[in-house]
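Got a structure for you, written out below as structure tokens; questions coming shortly.
Below, each value reflects all heavy atoms present in this structure, side chains not excepted, and no hydrogens, waters or symmetry copies. Predicted, not measured: the structure shown is a model, and the values here were computed from it.
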Amino acid sequence: MTLTVLTLLQQFVLLLAALVLFLSFVLLAQPRLIAAIHLFAWQGALIAAVTLTVALAGHAHHLYFSALLTLVLKALLIPWMLHRLVRRLGLERHTEALRWPALAMMAGVALVIFSYWLVVPMVEQGLAFTRNIVAVSLAVVLIGLLMMVLRQQAVAQVLGFMSMENGLFLAAVSATAGMPLVVELGVAFDVLVAMVLFGVFFFQIRESIDSLDVDRLNRLTETVDNEDLIQ
Amino acid sequence: MTALLLLLLTPLLGGLTLALLRPLNLAGWLNLAVSLLTLGAAVWLAWLVATVGVIAGPYFRVDAFNVYLVVLTAFVGVTTSIFSRPYMRHVCASGKISARSMRVYHSMYQAFMLTMLLALTTDNLGVLWVAVEGATLATVLLVSLYRTPEAVEAAWKYFILCGVGIALALFGTVLTYFAAQHVMADPAAGLTWSALYERAHELNPTVMRIAFVFLLVGYGTKVGLVPMHQWLPDAHSEGPTPMSAVLSGLLLNVALYAVVRVKMLVDGSLATTATPHLAGALLMGFGLVSFVVAGLFLHRQRDIKRMFSYSSIEHMGLMTFAFGLGGPLATFGALLHMLVHSLTKSAIFVTVGHATHLAGTQAIDQIRGLIRTQPAIGWSLLLGVVAIAGFPPFGVFTSEFLLLTATMQSQPWFAVVLLTGLAVAFAGLFRHLHPMVYGPAPEGQQPVQANLLPVFIHLGLVLWLGLSIPDFLAVWLDRATQLITGMHLL
């Protein structure tokens, strides 16, 4: 497929989407928590830019509002909340390197290939542009999921979760020209409440295990009890 | 429309008031009053649907399928709040939680009811998603209410797993909306379920196939389908008991309801392709695996609430299998099973709440001699388990019999698996139950103040449904069956 068959606008949206995907990879590998939060904010800003581009091109008025909502929520409010939490938890200098960074990157690449493979059947319908967008946003969602699996630190896991949501916003705005306003507001409300609750949980987890390393939350399992193993 | 507004506004205003109300005693009563008012609105709505037919508004649609779940949800909401009032006061008095946590509890109880009712009555797939995610947000703080390390861990697991699952469901919803863009005259209506259903045959099958996988995995996480079930036993065992009752009795049903609604769309879209029954086959596969695996896990449980949450997974698996099988008989059986399972399982959790209170622990090995110490609790637990294991004359027997008959008709080999699974689950439940109920009571075990009214009401209804299904209910379920499969059973 050649990119030149697409309009200039579609190419621009694709460029922004590719940058979002690139940031997902950087986020996956970033060991410093504060830097990761900044990357997440940039990812949110890019998605707001995609929304604005689609709004300008399609003269869809409700998308202007949606772009503003994304910018405020994803690029300002949530990063600010995370930043504040990290400061209050005293984790400004926290770093956590991935155990096998090269392997994690390879897994990320594999997920991108998988996403493209999954949407291959759509090619026949002449949906080249949409195919790319759907594949890229699915890849962003899956890399967010991968990040949640690989990271042991609760704040980093939440960043993975939020970057998954970014992928969903990207799919919603560029593949379909925006969800209905009610739904968009509802989703934004849910994400915001989830962020507040995550904040509550950081403190509850730290209170209960004295750390935010969620790998240590391992009391509830189906395997033989730990006490039995020790005895 | 008034009934619908009343149904949704009551828990909303109730939840807000309860968040601000300080006197604890009053809060318990107000919680009950709000639940009763909601039930009143639900019955009114059901009566309207029975006389008028479908009630449709711009964002809402109430038909025979969801209205029976609305009534069930409101009803279990009332009986659980009857149980929760003295139970939570006892928990608060014993110093396990603070007065502030009690306010969170009451307010989130109503918020949870609101999200359940919104998910059931909405006609918009996006709003459905928002409501189901809202249900997670409303209950996650309740799971960690006791603040023990186990409770915090269970809540974190619940939050993360359901959050991820539901995010995948949103991706499926976006894909559905994308498929609708090429079909709908008004793209903004692309998430309206009834509009999509009318034109389901035009939806692009390739896109819908991918969308369904995401929706199934997403909402399936909430149903508790294996292997996405990990959160369910933890959340049920560590949260306060009234929460376990409503999670098991209501949340799982609503998630399954969402899966069935999207299956109806996908079936329409795939009808003319080479794989018309793909959605049904996926449901059957997931359902059967959940059913068998949960039955096996029942045997190795040490915590009484964990054990019954595995039993919930088992029954949800059975219903998922039945909806996947399709056909009027299996669908009718599955709808009936949803009803009797909710009633029985919430009754069991209420009894278990009293039993753990009596024994002072949730460990199965330390709960002994219930019948000797307090016959009412012992017998309630025994009868509840007899009912859930599918013995006649209880209603669960009727629905399981219908499901087995339907399986025999279309897929006889699966009937063997189902029968084996039922026997395994039965053995798992009874090997733990027998010593708990009949074993010698430990010295000094004292009876507790118990409020078994909800248990008697629920088990009484399940018994009634087992002996004879009243005409109006049969007609009601038949209409729902007709909506889902396009065919009448009766």
Check your understanding: chain B heavy atoms under 4.5 Å from Glu184(A): which part of the residue, side chain, backbone, both or neither?
Key ->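 Answer is neither: Glu184(A) stays 4.5 Å or more from chain B.
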Check your understanding: Between atom CZ of Phe178(B) and atom CD1 of Ile133(A), what is the distance when rounded to the nearest 0.5 Å?
Key ->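 Spacing of CZ (Phe178(B)) from CD1 (Ile133(A)) equals 10.5 Å.
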**Study point:** Where Phe201(A) and Leu141(B) come nearest, the two heavy atoms and their spacing
**Key:**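 Closest approach of Phe201(A) to Leu141(B): CE1-CD2, 4.3 Å.
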Check your understanding: Do Val183(A) and Tyr177(B) have side chains that get closer than 4.5 Å, going by heavy atoms?
Key ->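 A side-chain contact under 4.5 Å is absent here.
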Practice item. Flag the one option from Leu181(A), Val187(A), Val158(A) with the top tally of heavy-atom pairs under 4.5 Å to chain B. Key: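 Answer, by heavy-atom pair count under 4.5 Å with chain B: Val187(A).
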Review point. With a 4.5 angstrom heavy-atom cut-off, which part of Phe171(B) approaches chain A: side chain, backbone, both or neither?
Key: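 For Phe171(B), backbone and side chain are both near chain A.
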Practice item. Go through the atoms of Leu137(B) and report whether side chain, backbone, both or neither lie under 4.5 Å from a heavy atom of chain A. Key: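 Both parts, heavy atoms under 4.5 Å.
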Practice item. Count the heavy-atom pairs under 4.5 Å between each of Ile210(B), Val127(B), Asp303(B), Thr136(B) and chain A, then report the option with the highest count. Key: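 Greatest number of close heavy-atom pairs with chain A: Ile210(B).
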Review point. Which region of Val141(A), side chain (C-beta onward) or backbone (N, CA, C, O), has a non-hydrogen atom less than 4.5 Å from a non-hydrogen atom of chain B, or is it both or neither?
Key: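 Only the side chain of Val141(A) comes within 4.5 Å of chain B.
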Review point. Do other residues, nucleotides or ligands put more than 12 heavy atoms under 6.0 Å from Tyr59(B) OH?
Key: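 No, because the 6.0 Å sphere around OH of Tyr59(B) holds 12 heavy atoms or fewer from other groups.
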Point to revise | Which portion of Met164(A) sits near chain B, non-hydrogen atoms under 4.5 angstrom | key: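 The answer is the side chain of Met164(A).
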Review point. What's the verdict on side-chain contact (heavy atoms from CB on, under 4.5 Å) for Val130(B) and Phe189(A), showing C-alpha distance, side-chain angles and the deciding distance?
Key: CA-CA 9 Å; Val130(B) 171; Phe189(A) 175 75; 5.7 Å; no
**Study point:** Winner by heavy-atom pair count (cut-off under 4.5 Å) against chain B, out of Val134(A), Ile205(A), Val193(A)
**Key:**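 Most heavy-atom pairs within the cutoff with chain B belong to Ile205(A).
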Check your understanding: Which bit of Glu150(B) is near chain A, if near means a heavy-atom gap under 4.5 Å: side chain, backbone, both or neither?
Key ->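 It is both, since atoms from each part get that close.
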Check your understanding: Can you list the steps and then say if Ile160(B) with Phe198(A) is a side-chain contact (heavy atoms from CB on, under 4.5 Å)?
Key -> CA-CA 10 Å; Ile160(B) 291 291; Phe198(A) 275 129; 4.0 Å; yes
**Study point:** Under 4.5 Å from a heavy atom of chain A, the part of Leu125(B) involved
**Key:**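 No part of it gets close to chain A.
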Check your understanding: Any idea which heavy atoms bring Phe214(B) and Leu118(A) closest together, and the distance?
Key ->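 The pair with the smallest heavy-atom distance is CE1-CD2, 4.0 Å.
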Practice item. Enumerate by number any residue of residues 144-156 of chain A whose heavy atoms lie under 4.5 Å from heavy atoms of chain B; in the absence of such residues, state 'none'. Key: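 Within residues 144-156 of chain A, the residues under 4.5 Å from chain B are Leu145(A), Met148(A), Ala154(A).
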Point to revise | Region of Leu170(B) in contact with chain A, defined by heavy-atom distances below 4.5 Å | key: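 Backbone plus side chain of Leu170(B), per the 4.5 Å heavy-atom cut-off to chain A.
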**Study point:** Leu138(A) CG to Leu175(B) CG distance, which is reported to the nearest 0.5 Å
**Key:**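 Reported value, rounded in 0.5 Å steps: 8.0 Å.
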Practice item. Compare every heavy atom of Ser208(A) with every heavy atom of Pro149(B), then report the nearest pair and how far apart it is. Key: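 Shortest heavy-atom contact: CA-CB, 3.9 Å.
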Practice item. Examine whether an atom of Ala154(B) lies under 4.5 Å from a heavy atom of chain A, and if so say whether it belongs to the side chain, the backbone or both; otherwise answer neither. Key: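 For Ala154(B), the contact with chain A is made by backbone and side chain together.
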**Study point:** Residue Val200(A) versus chain B: region with a heavy atom under 4.5 Å
**Key:**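 Side chain only.
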**Study point:** Aromatic ring pairing Phe202(A)/Trp156(B), orientation class (parallel under 30°, perpendicular over 60°, tilted between)
**Key:**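 It falls in the tilted class, 30° to 60°.
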